[in-house]
There are 2 protein chains.
Amino acid sequence: MVTTKNSRADVIAAAGRLFSQKGYHGTSMRDLGRELGLLGSSLYAHVDSKQDLLVEVVEAGGQLFQASADAAIQVEGSAEARLRALIDGHIEVVLENVDVARTFLNEARDLDHEHREKVLKARDAYESAFRAVIAEGRDDGSFRDDVDPKTAAIFILSILNAIERWYRPGGRLDRARLVDEVTAFVESGLT
Amino acid sequence: MVTTKNSRADVIAAAGRLFSQKGYHGTSMRDLGRELGLLGSSLYAHVDSKQDLLVEVVEAGGQLFQASADAAIQVEGSAEARLRALIDGHIEVVLENVDVARTFLNEARDLDHEHREKVLKARDAYESAFRAVIAEGRDDGSFRDDVDPKTAAIFILSILNAIERWYRPGGRLDRARLVDEVTAFVESGLT
DNA sequence: ATTAGACAAACGAACGTTCGTTCGTCTGTC
DNA sequence: GACAGACGAACGAACGTTCGTTTGTCTAAT
């Protein structure tokens, strides 16, 4: 036996890969079948619908980010240390789950209303971890006192969310240096 | 006569609107016809193909950004002043041409190879204006001397390109304050 | 002033293809 | 012999696009 059987998880993983590369509407069920060495129709033994696949991938992305934030805000020490943990965690999630992260960030538009709302709430919850740490650092004097946590959180997440658009592993920056560069830029933007 | 005739420019403008909202593959020629009060087939009196429309919208976006950068780098005074002009110009382009800018930033993936390459070159040329100004400011001592222009340019453009994702006119930030906030964050990140 | 002709804009039917999805059947494994 | 995985034919709908035709407007010749 050369090939293993495909599981539901395999299908979802392949969907994440294709959705992130060609977009939801740019990916057909037959494309996805080909990716797994199957016919498009065979996928329906594993999932109910194409939309289902998008939901699965996007929710997986949301959970990865939230888990990362939950761990980061429990870091002991200064607000600065927690902010660094948030940045580090975000970059880890993005670099180790590019496809899922990309789909979460760029393809949520094609979710049905209900799930799209859920993603918006999840993103706001995630962003609020950044806002809270920034506010904390501002109030205890580590950051400038005219820092607006809302705006600063958006700017930091803008930098983090864009990484998937330009970062290439094996390029001039390895992951550790990437984290350093982002942290340095952000922290000097806050102090 | 109640309605004016539709011109090629009207079709392209409507395409920009729909592409930016629903994506290229998420927009059908019949959708686009409906937007203009036409049948899908009638659009072919104005354009050769759907791909043509994407090319037109994306190239328009590229020209807007390049024109803005060309003007900004001619500003007299410090490198800091030119950087501020670049930021100001970028935000102006985005806010006054949301649909075109969005399509330029997010839908270039669906261009044919030739035009996609062209867009990548255009983006690099635009980014190089930022790199040059940052390098200038670092060399004359206005910015920190350990600033890496490549990375800094990417971070700044990450912030600028994300604006379209969250900024809502009429919200808590008007355009002038948005420019101030970005400039302040970026400049303190560089100094 | 009237008319004929040219022209662009839009229609609406139709094309071949692809889409997401269903279903009955077959194959291999526990 | 139960059961999951995959097949392959088929479905109706939607896709991008073509084409012959109709409509309305502007211009030039009468």
Side-chain angles (χ1 to χ4, degrees), chain A residues 1-59 103 107-116, chain B residues 1-59 103 107-116:
Chain A
M1 173 175 40
V2 219
T3 55
T4 2
K5 286 280 178 66
N6 287 302
S7 70
R8 180 179 163 86
D10 296 329
V11 177
I12 295 171
R17 236 174 298 138
L18 293 196
F19 290 166
S20 84
Q21 282 165 29
K22 327 200 297 167
Y24 178 70
H25 285 303
T27 302
S28 74
M29 292 300 272
R30 286 167 178 89
D31 287 339
L32 184 51
R34 197 175 310 120
E35 176 84 4
L36 290 158
L38 298 182
L39 294 183
S41 57
S42 306
L43 300 168
Y44 288 86
H46 303 282
V47 292
D48 284 347
S49 68
K50 187 186 177 187
Q51 177 78 199
D52 248 33
L53 281 168
L54 182 58
V55 170
E56 292 277 4
V57 176
V58 169
E59 304 230 297
T103 304
E107 305 300 325
R109 167 176 66 185
D110 297 315
L111 287 170
D112 57 89
H113 180 74
E114 175 200 357
H115 290 100
R116 195 170 52 247
Chain B
M1 175 175 38
V2 218
T3 56
T4 2
K5 285 280 181 64
N6 286 303
S7 71
R8 179 178 163 87
D10 296 330
V11 177
I12 295 171
R17 235 173 299 137
L18 292 196
F19 289 167
S20 84
Q21 282 165 30
K22 325 201 296 165
Y24 178 70
H25 285 304
T27 303
S28 75
M29 291 301 271
R30 287 168 178 89
D31 287 340
L32 184 51
R34 196 174 312 118
E35 176 83 4
L36 291 157
L38 299 182
L39 293 182
S41 58
S42 306
L43 299 167
Y44 289 87
H46 303 283
V47 293
D48 283 347
S49 68
K50 188 185 174 186
Q51 177 79 200
D52 249 33
L53 281 168
L54 183 58
V55 170
E56 292 277 3
V57 176
V58 170
E59 304 230 298
T103 305
E107 305 300 325
R109 167 177 66 184
D110 296 315
L111 286 170
D112 57 271
H113 180 74
E114 175 199 357
H115 290 101
R116 195 171 51 245

message = Regarding Glu107(B) and Arg109(A), does a basic nitrogen lie under 4.0 Å from an acidic carboxylate oxygen?
response = yes

key: Candidate nucleotides dA6(D), dA10(C), dG20(C), ranked by approach to the side chain of Ser42(A) - the nearest   = dA6(D)

inquiry  = In whole Å, I'd like the distance from the CG atom of Leu38(A) to the P atom of dG5(D).
reply    = 11 Å

Separation of atom CG in Asp110(B) from atom P in dG16(D), rounded to whole Å = 12 Å

ask   = Rounded to whole angstroms, how far apart are CG on Leu43(A) and P on dC19(C)?
value = 13 Å

query = What is the distance from CZ of Arg8(A) to P of dA6(D), rounded to the nearest Å?
reply = 14 Å

task = Give a yes or no on whether the backbone of Leu111(B) and the side-chain of Arg116(B) come within a donor-acceptor separation of less than 3.5 Å.
result = yes

inquiry  = Here's a test of your reading of the structure: between Lys50(A) and Leu39(B), which maps to the more 5' nucleotide of DNA chain C?
reply    = Leu39(B)

Residue pairs passing the side chain to side chain donor-acceptor pair (under 3.5 Å) test where at least one lies in residues 42-56 of chain A, sequence neighbours excluded = Arg8(A)-Glu56(A), Tyr24(A)-Gln51(A)

task = Would you mind telling me which of dC7(D), dG5(D), dT18(D) lies closest to the side-chain atoms of His46(A)?
result = dG5(D)

inquiry  = Rounded to whole Å, how long is the line connecting atom CG of Leu36(B) with atom P of dA10(C)?
reply    = 8 Å

ask   = Do the side chain of Ser41(B) and the base of dG12(C) come within less than 3.5 angstrom through a donor-acceptor pair of N or O atoms?
value = yes

Nearest heavy atoms of Leu53(A) and Ala15(A), plus distance in Å = CD2-CB, 4.0 Å

ask   = Can you find a heavy atom in the side chain of Thr103(A) that is under 4.5 Å from one in the side chain of Leu54(A)?
value = yes

Neighbours of DNA chain C within residues 19-34 of chain A, by heavy-atom distance under 4.0 Å = Thr27(A), Ser28(A), Met29(A), Arg30(A)

Test item: Lys22(B) and His25(A) side chains (from C-beta on) under 4.5 Å apart, heavy atoms = no

